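Some notes on the structure that comes next.
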Amino acid sequence: MKRGSILSGLTVILVIGLMVTRAYPVNDYPHFGKNSIGCDSCHFIFGTQPSLLPPWTEHVQQDIDDTQFHTLCMSCHNDVDAPFVKTHSSLTMDDEDYGTWSVECRVCHSSHWQRQVKVYDSDSYLYSGASTGMTTTTLTKTGAGWTENEYQGYVLYPNVSRTNYNYEILSNTADTITVHGPINLTKAAVGNTFAVIYGNLIQDMIDLSKITITPAKSGSR
């Protein structure tokens, strides 16, 4: 009896420990562990909000862009923690021709994965080939002939058969790409096929039904 009680107690402690320990899922750059982003950065496991959003995202909406999901995105995309990006809406673009409309970040961007490469594979590649050199921060393709920094800010897959391992491109020369590493050299090696993609966590499909639209008034251009 005593032994069983001890084992039960240890099990409870282990479960609690796993719950409070920050989880770093196998997400793609930039929402991943190297940027100290884990599940609990965006989700509250005991919450009742949509997609388990943190309770602090619930608020009285001030305008068509001021959604709960945008509140979460803008809490980091504030030009301090991450680059600020304008919303796509009639408030920031055009409210005369198309009425009142707003597109949440999540309509076009996945918060977890580079969906376009996982769905469309080689059709999403901007450049692909077999590497001729590799370190923890660089990949070389002899004779590539790239324009300097043409891929800066894009994403590198050092081994296209391992799509969970991808890295931000910091710069490139005519034949060498430098990334925000370290590249996991147990998952990629010289001679593997690599690829460069746009990145930006683009969805594989844009669901137009998720765009909030109020038709323009009659008489609009």
Side-chain angles (χ1 to χ4, degrees), residues 17-18 21-43 51 72-73 76-77 79-85 105-207:
L18 289 172
T21 300
R22 165 159 283 202
Y24 288 120
V26 186
N27 282 1
D28 291 337
Y29 163 83
H31 297 159
F32 66 161
K34 288 181 184 177
N35 285 339
S36 297
I37 296 176
C39 298
D40 60 350
S41 298
C42 299
H43 301 288
S51 299
L72 179 61
C73 295
C76 285
H77 286 275
D79 261 350
V80 177
D81 301 301
F84 172 76
V85 180
C105 305
R106 62 183 176 139
V107 173
C108 300
H109 303 278
S110 167
S111 54
H112 299 110
W113 301 288
Q114 305 285 0
R115 291 283 305 166
Q116 77 280 26
V117 73
K118 287 178 168 57
V119 173
Y120 297 111
D121 195 36
S122 59
D123 285 342
S124 66
Y125 300 167
L126 301 177
Y127 186 96
S128 180
S131 59
T132 57
M134 193 178 301
T135 70
T136 55
T137 56
T138 63
L139 180 145
T140 301
K141 168 65 174 174
T142 301
W146 298 317
T147 301
E148 185 174 356
N149 290 334
E150 68 175 302
Y151 296 132
Q152 188 175 43
Y154 292 178
V155 172
L156 172 72
Y157 286 79
N159 181 356
V160 295
S161 67
R162 296 280 190 157
T163 57
N164 285 332
Y165 298 88
N166 47 87
Y167 308 87
E168 175 193 15
I169 298 176
L170 301 177
S171 63
N172 72 269
T173 63
D175 62 3
T176 300
I177 292 172
T178 299
V179 301
H180 176 199
I183 295 174
N184 187 331
L185 297 180
T186 68
K187 308 300 180 184
V190 174
N192 288 157
T193 299
F194 70 93
V196 175
I197 69 163
Y198 278 119
N200 292 327
L201 296 167
I202 303 298
Q203 296 277 20
D204 57 299
M205 183 176 295
I206 307 302
D207 186 353

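Because the structure is a prediction, the values reported are computed rather than measured. Residue numbers count from 1 along this sequence.
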Side-chain touch I37/N27, heavy atoms, less than 4.5 angstrom: no
Listed partners of E150 passing side chain to side chain contact (heavy atoms under 4.5 Å, CB included), at least two apart: W146, T147, N172
T136 side-chain N/O to I183 backbone N/O, donor-acceptor pair under 3.5 Å: no
Considering all heavy atoms, the nearest Y151-L126 contact: OH-O, 4.1 Å
Side chain to side chain contact (heavy atoms under 4.5 Å, CB included) between I197 and Y125, intermediate numbers included: CA-CA 5 Å; I197 69 163; Y125 300 167; 4.1 Å; yes
Residues that K187 engages under salt bridge (charged side-chain N to carboxylate O under 4.0 Å, His left out), provided they are two or more places apart: none
Residue pair P30 / L201: nearest heavy atoms and the distance that separates them: CD-CD1, 3.6 Å
Contact check, side chains of V119 and M205, non-hydrogen atoms, under 4.5 Å: no
Test item: Y167 side-chain N/O and N184 main-chain N/O as donor-acceptor pair under 3.5 Å: yes
Donor-acceptor under 3.5 Å (S124 side chain, D121 main chain): yes
Whether N166 side chain and V155 backbone form a donor-acceptor pair below 3.5 Å: no
Set of residues satisfying side chain to side chain contact (heavy atoms under 4.5 Å, CB included) with respect to T138, sequence neighbours excluded: T135, T176, T178
Sequence-distant partners of S122, side-chain hydrogen bond (donor to acceptor under 3.5 Å, both in side chains), two or more places apart: none
Within-4.5 Å side-chain heavy-atom neighbours: M134 and F194: no
Contacts of N192 that satisfy side-chain hydrogen bond (donor to acceptor under 3.5 Å, both in side chains) - sequence neighbours left out: N159
Y29: ring pair (Phe, Tyr, Trp, His ring centres under 6.0 Å) partners, not counting sequence neighbours: F32
Contacts of type side-chain hydrogen bond (donor to acceptor under 3.5 Å, both in side chains), residue T193, not counting sequence neighbours: none
For L170, side chain to side chain contact (heavy atoms under 4.5 Å, CB included) partners two or more places apart: E168, H180
Of all pairs that satisfy salt bridge (Lys or Arg N to Asp or Glu O under 4.0 Å), the ones with a partner from residues 194-207, not counting sequence neighbours: R115-D204
Contact list for residues 194-203, test side-chain hydrogen bond (donor to acceptor under 3.5 Å, both in side chains), sequence neighbours left out: none
Straight-line distance of W113 CH2 to T163 OG1, nearest 0.5 Å: 11.0 Å
Set of residues satisfying side chain to side chain contact (heavy atoms under 4.5 Å, CB included) with respect to C42, sequence neighbours excluded: L72
Non-neighbouring partners of D175 that pass salt bridge (charged side-chain N to carboxylate O under 4.0 Å, His left out), sequence neighbours left out: none
Flag, side chain of T132 to backbone of T142, donor-acceptor distance under 3.5 Å: yes
Main-chain N/O of S111 paired with H31 side-chain donor or acceptor, under 3.5 Å: yes
Nearest non-hydrogen partners of I206 and C108, listed with the distance: CD1-CA, 3.6 Å
Donor-acceptor contact present, side-chain S110 to main-chain H112, <3.5 Å: yes
Donor-acceptor contact below 3.5 Å, side chain S131 vs main chain G191: yes
Within-4.5 Å side-chain heavy-atom neighbours: H109 and I202: yes
